[in-house]
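To start, the structure itself, in structure tokens.
Residue numbers run from 1 in the order of the sequence given.
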Amino acid sequence: MLIKTLNDYYDLLDSEGMILPEGYSKVNINYLICLTEEGKIDRLIKYEERQEIRDVKGKVKEKWVPRVVQMPQRTQKTGIDSNFIEHRPLYIFGLNYQEGQLTTEDRTSKARKSHQAFVEKNLEFLEGLDSPVVNAYRNFLNGWRPEEETENVELRGLKKEYDKSGYAFCLTGYPDRLLQDEEAVKQRWEQRLRKSSEDGAQSIMAQCGVSGKEAPIARIHGKIRGVYGGHTTGSVLIGYNNPSESSYGREQSYNSNISEGVMKKYTEALNYLLQNTSESNSRKHKMVLDDVTVVFWAMKAGGTCEDMFMAMLYEQPSRMDKNATENMLREMLRSGGKGKMTAERLESLDMIDPDVDFYMLGLKPNSSRLSVKFFYRRKYADILWNLAMFQGDLQVTEELEPISISQIKRELISPRSSSENVNPALLTKLFEAALYNIHYPASLLGTMVKRVKTDSDKKINQIRAGVIKACLNRNYKKEEFSVALDKENYEQAYLCGRLFAVLEKLQQDASKNSLNRTIKDAYFASASSKPVMIFPKLVRLAQNHLGKIEKPMLIFYSKLIGEIMDKLDGEFPETLLLQDQGRFIIGHLLMIFDAKWQNFCVR
């Protein structure tokens, strides 16, 4: 089903002109090699552009990223094998960068062999072609001597960037006309493609397992790039490397019975979804949940589905208008919170067809192949409805603000830790809970409560409280916590949390906010676990604080404390279990948010 779906998605992209033509690849280019007519390197031009990148802590930073250009299809073979119109420095220059120096020396003479293969292949490709940039390129191939260029100023100036960068050629003075875009080069490459296709017709013919048509079967499948933790050169989704995997004399990928045409389509479609590009018309189709790369797409052109999915679950795509997106999300959250997120409701929000199929694929590298961790197919209306419910669960104030999984992940880690990681299984289950509207993972509540109790410099915020509220509402339906203070909630842990917030505010007012350490810093963790041991001490301490404030506030706080304690029946719980500790935290935070304190009124 996965290969068939990706094959169909390729056809959709092709119909919209959003996919590469067959026989071409997209390559990241960092520098342009400007050649003189004699084939000498005049200079290197930085061919990168600035892009806003969001780091793991959610901060947006500007970063230089390579531009993506279209080149003749890249080689998939292992070992030394050059491309037509090469972009890799080892092949182009025949030089290694070692310990701050450029050198031709290496143990296996790979630099020399790579450059030799590059020169031979490209001279043969250019035979008979004539244009200024082609002639300059040919002169470069004939005249470049790696052993004489170890002190080349332009290359040495790149330092460590030399090995990491991709390169393209142009004629000096014409940086907007790249070698691979030359008409003569394009025509020659198209001729090679047609010849290759005719040669492929002589390969093994069989019925394709996807299209059902008689066609040449793919011997080796194209590599997939862009999966987190995978090989930089890519990994295959389908491959047979061991003799035990062969049957009926069929070796390599002849076992899969997938035709060359289908293979090229599904690999191109998946690489399109996985690509990281700064092109203005690009859309983001992937996110990373720890070590699993999640790819998602809708079987409809336009990109609105993917953008909304990303905005509601992970982060807001930079291409989306912030105000318009937030308004739409808030409208969806209101409908989701009321259980009214229907197909008709989605259509009324000027969104895409809610009946379109939406797919999610989880990939993880495994040796030289990719492992499929999950593959989901749902109607887009179902996905958005569930995500609206998920976001509604997380809200603790009337002012609705979407919360992403990446934000939740950051709150599950101590702010003082630089190496702590979240259990991948926890994030995966949280992801599934959001998509399928099922119970949140059991460990989520415990982990978040622990963070609130142990982080001295960052105890409670809306995200942490929202996660706790979501777990209690969905997993333990003892009561429903609203997005505002519930003064009719007489649950003992909830009341203790409210009382703690009042005592904390009283202490701050009595000291005129001059304290370096409050009762929250000293007693929050123990008060949320063993109220009977802590609250009597805090109530006695409050009497001293009441004597330091003016009479109107004295009356206000005395009445407020007394009314909450009356609902506690004059005694505090001995022990609060995990769920009750969560209720304590919710009561504390909502009390802080309620009516700016001076308007507090408990019935």
Is the shortest side-chain heavy-atom distance between [X] and [Y] below 4.5 Å?
X	Y	value
Leu430	Tyr440	yes
Thr5	Met299	yes
Val467	Leu412	no
Leu560	Met591	yes
Thr575	Lys530	yes
Trp297	Leu6	yes
Leu370	Val236	no
Asp382	Asn437	no

- Message: Evaluate Asn30 against Glu161 for side-chain hydrogen bond (donor to acceptor under 3.5 Å, both in side chains), listing each step before the verdict.
- Response: CA-CA 9 Å; Asn30 305 80; Glu161 294 299 314; 5.5 Å; no

Once rounded to the nearest 0.5 Å, what's the spacing between atom [atom1] of [X] and atom [atom2] of [Y]?
X	Y	atom1	atom2	value
Phe535	Leu568	CZ	CG	8.0 Å
Leu515	Gln508	CG	CD	8.0 Å
Met553	Leu546	CE	CG	10.0 Å
Leu590	Arg498	CG	CZ	9.5 Å
Lys537	Tyr523	NZ	OH	4.0 Å
Asn7	Leu270	CG	CG	12.5 Å

Looking at every non-hydrogen atom in both residues, tell me the closest pair between [X] and [Y] and how far apart they are.
X	Y	answer
Asn475	Pro441	ND2-O, 4.5 Å
Met565	Val539	SD-CG2, 4.2 Å
Gln579	Leu445	CA-CD2, 4.2 Å
Lys487	Lys567	O-NZ, 3.0 Å
Ser414	Asp455	OG-OD1, 3.8 Å
Pro531	Cys496	CB-SG, 4.2 Å

Between [X] (side chain) and [Y] (backbone), is there a donor-acceptor pair under 3.5 Å?
X	Y	value
Gln507	Ile519	yes
Arg474	Ile438	yes
Asn366	Arg369	no
Lys505	Ile592	no
Lys429	Ser443	no
Gln391	Ile403	yes
Thr293	Tyr228	yes
Asn271	Lys223	yes

- Message: Would Phe584 and Phe524 count as a ring-ring contact (aromatic ring centres under 6.0 Å, His included) here? Give the steps.
- Response: CA-CA 10 Å; Phe584 179 100; Phe524 186 87; 5.6 Å; yes

- side chain to side chain contact (heavy atoms under 4.5 Å, CB included) between Lys364 and Val227: does it pass, once the steps are laid out? CA-CA 7 Å; Lys364 186 176 178 180; Val227 176; 6.0 Å; no

- Query: Got a sec: does the CD of Gln543 have more than 12 other heavy atoms crowding it under 6.0 Å?
  - Reply: yes

- Message: Please tell me whether Tyr376 and Tyr436 form a close aromatic pair, meaning their ring centres lie under 6.0 Å apart.
- Response: yes

- Aromatic contact, Tyr557 with His545 (centres under 6.0 Å): no

- Message: One pair to check against side chain to side chain contact (heavy atoms under 4.5 Å, CB included): Lys265 and Asp11. What are the steps and the verdict?
- Response: CA-CA 8 Å; Lys265 284 185 177 182; Asp11 291 337; 2.9 Å; yes

- Task: For Asp357 and Lys379, run side chain to side chain contact (heavy atoms under 4.5 Å, CB included): C-alpha distance rounded to whole Å, both residues' side-chain angles, the deciding distance at 0.1 Å, then the answer.
- Result: CA-CA 5 Å; Asp357 286 330; Lys379 291 296 183 184; 2.9 Å; yes

- Task: Look at the aromatic rings of His588 and Phe500 and report parallel, tilted or perpendicular, splitting at 30° and 60°.
- Result: tilted

- Intermediate values then yes/no, side-chain hydrogen bond (donor to acceptor under 3.5 Å, both in side chains), Lys453 and Ser529: CA-CA 9 Å; Lys453 291 170 62 177; Ser529 304; 2.7 Å; yes

- Does the pair Ile463 and Ile408 meet the rule for a side chain to side chain contact (heavy atoms under 4.5 Å, CB included), with working shown? CA-CA 7 Å; Ile463 298 175; Ile408 295 174; 4.3 Å; yes

